[in-house]
Amino acid sequence: MKLFLKDADATAAAGSALALALEARRGAVIYLRGELGAGKTTLARGFLRALGVAGAIRSPTYTLMEIYNVRLRDVLHMDCYRLADPLELQNLGLADYPSEQTLWLVEWPEKGVGVLPMADIVIGIERTENGRNLLLSGLSEGEAKAFQAHLAHGLCT
């Protein structure tokens, strides 16, 4: 699925729509790909807000991982950009967060190859002259329809 997002608000709305479309999933590993400034963290913040995270949502650029407990499940927001070696992830206790029971949002997943679980959903964000293109794969047919419906609602209100 490919969508055009005109600005940061539309990118956050896409994150929110994705969270709502995945409500039935207990866990999933979501890879967020894109260059610096593409909107990965903005999309993650929209996702987390839709799940009910209140207060500050910090970028995990320096901490590597932020953990949120929402709706009786854990959500990991990771940023692997600063990793020099994927093995640096081994000390984070990732085994305590099985992907069947935890939602993972992973920015820069290519830096964690061999340590991170395989992706269920892959989101690519590309900056364009007048916005962003979002490339989304891995949703079931029902989730894709729910995503589009939530996105349309979020962008129209």
In Å and rounded to the nearest 0.5 Å, what is the [atom1] to [atom2] distance from [X] to [Y]?
X	Y	atom1	atom2	result
Met118	Tyr31	CE	OH	6.0 Å
Leu94	Ser99	CG	OG	11.0 Å
Arg25	Arg73	CZ	CZ	10.5 Å
Leu48	Arg58	CG	CZ	11.0 Å
Leu20	Leu22	CG	CG	9.0 Å
Leu83	Glu110	CG	CD	10.5 Å

Evaluate Val115 against Leu87 for side chain to side chain contact (heavy atoms under 4.5 Å, CB included), listing each step before the verdict.
CA-CA 7 Å; Val115 178; Leu87 296 178; 4.2 Å; yes

So that I can tick it off, tell me whether Arg82 and Glu88 are bridged by a salt bridge, with the cut-off set at under 4.0 angstrom between side-chain N and carboxylate O.
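So Glu88 does not pair with Arg82 through a salt bridge.
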
Worked verdict on His77 versus Phe47 for side chain to side chain contact (heavy atoms under 4.5 Å, CB included)
CA-CA 10 Å; His77 181 198; Phe47 186 97; over 6 Å; no

Are any of the side-chain heavy atoms of [X] and [Y] separated by less than 4.5 Å?
X	Y	answer
Asn69	Val75	no
Met78	Glu107	no
Leu89	Leu116	yes
Trp104	Ile30	no
Arg33	Ile125	no
Ser59	Arg45	yes
Val53	Glu66	no
Leu139	Phe147	yes

Linked, directly or transitively: [X] and [Y] (ILVMFWY side chains, under 4.5 Å):
X	Y	result
Leu3	Ile121	yes
Leu43	Val106	no
Leu18	Ile57	yes
Val122	Leu136	no

Between Glu126 and Arg132, does the salt bridge (charged side-chain N to carboxylate O under 4.0 Å, His left out) criterion hold? Intermediate values first, please.
CA-CA 5 Å; Glu126 304 170 335; Arg132 295 169 175 88; over 6 Å; no

So, the side chain of Lys2 versus the backbone of Leu134: is there a donor-acceptor pair under 3.5 Å, distance only?
no

Taking Asn133 for its side chain and Phe4 for its backbone only, find out whether a donor-acceptor pair lies under 3.5 Å.
no

For the residue pair [X] and [Y], what are the closest heavy atoms and their distance?
X	Y	result
Leu32	Ala44	CD1-CB, 4.2 Å
Thr42	Ala8	CG2-O, 3.4 Å
Thr11	Gly39	CG2-O, 3.5 Å
Ala144	Met1	CB-CE, 3.6 Å

Taking it one step at a time, do Leu92 and Leu64 satisfy side chain to side chain contact (heavy atoms under 4.5 Å, CB included)?
CA-CA 9 Å; Leu92 294 179; Leu64 294 181; 4.2 Å; yes

Could you check whether atom OH of Tyr68 has more than 12 heavy atoms from other residues, nucleotides or ligands sitting under 6.0 Å from it?
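Yes - once you tally the heavy atoms of other residues, nucleotides and ligands closer than 6.0 Å, there are more than 12.
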
Residues, nucleotides or ligands: over 12 heavy atoms within 6.0 Å of Glu35 CD:
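Yes - once you tally the heavy atoms of other residues, nucleotides and ligands closer than 6.0 Å, there are more than 12.
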
What verdict does the side-chain hydrogen bond (donor to acceptor under 3.5 Å, both in side chains) test give for Asp74 and Thr102, after you've listed the backbone C-alpha separation in whole Å, the side-chain angles of each residue and the deciding distance to 0.1 Å?
CA-CA 5 Å; Asp74 289 319; Thr102 306; 5.1 Å; no

For Leu105 and Lys40, what are the C-alpha separation, side-chain angles and deciding distance, and is it a side chain to side chain contact (heavy atoms under 4.5 Å, CB included)?
CA-CA 9 Å; Leu105 297 170; Lys40 298 178 297 296; over 6 Å; no

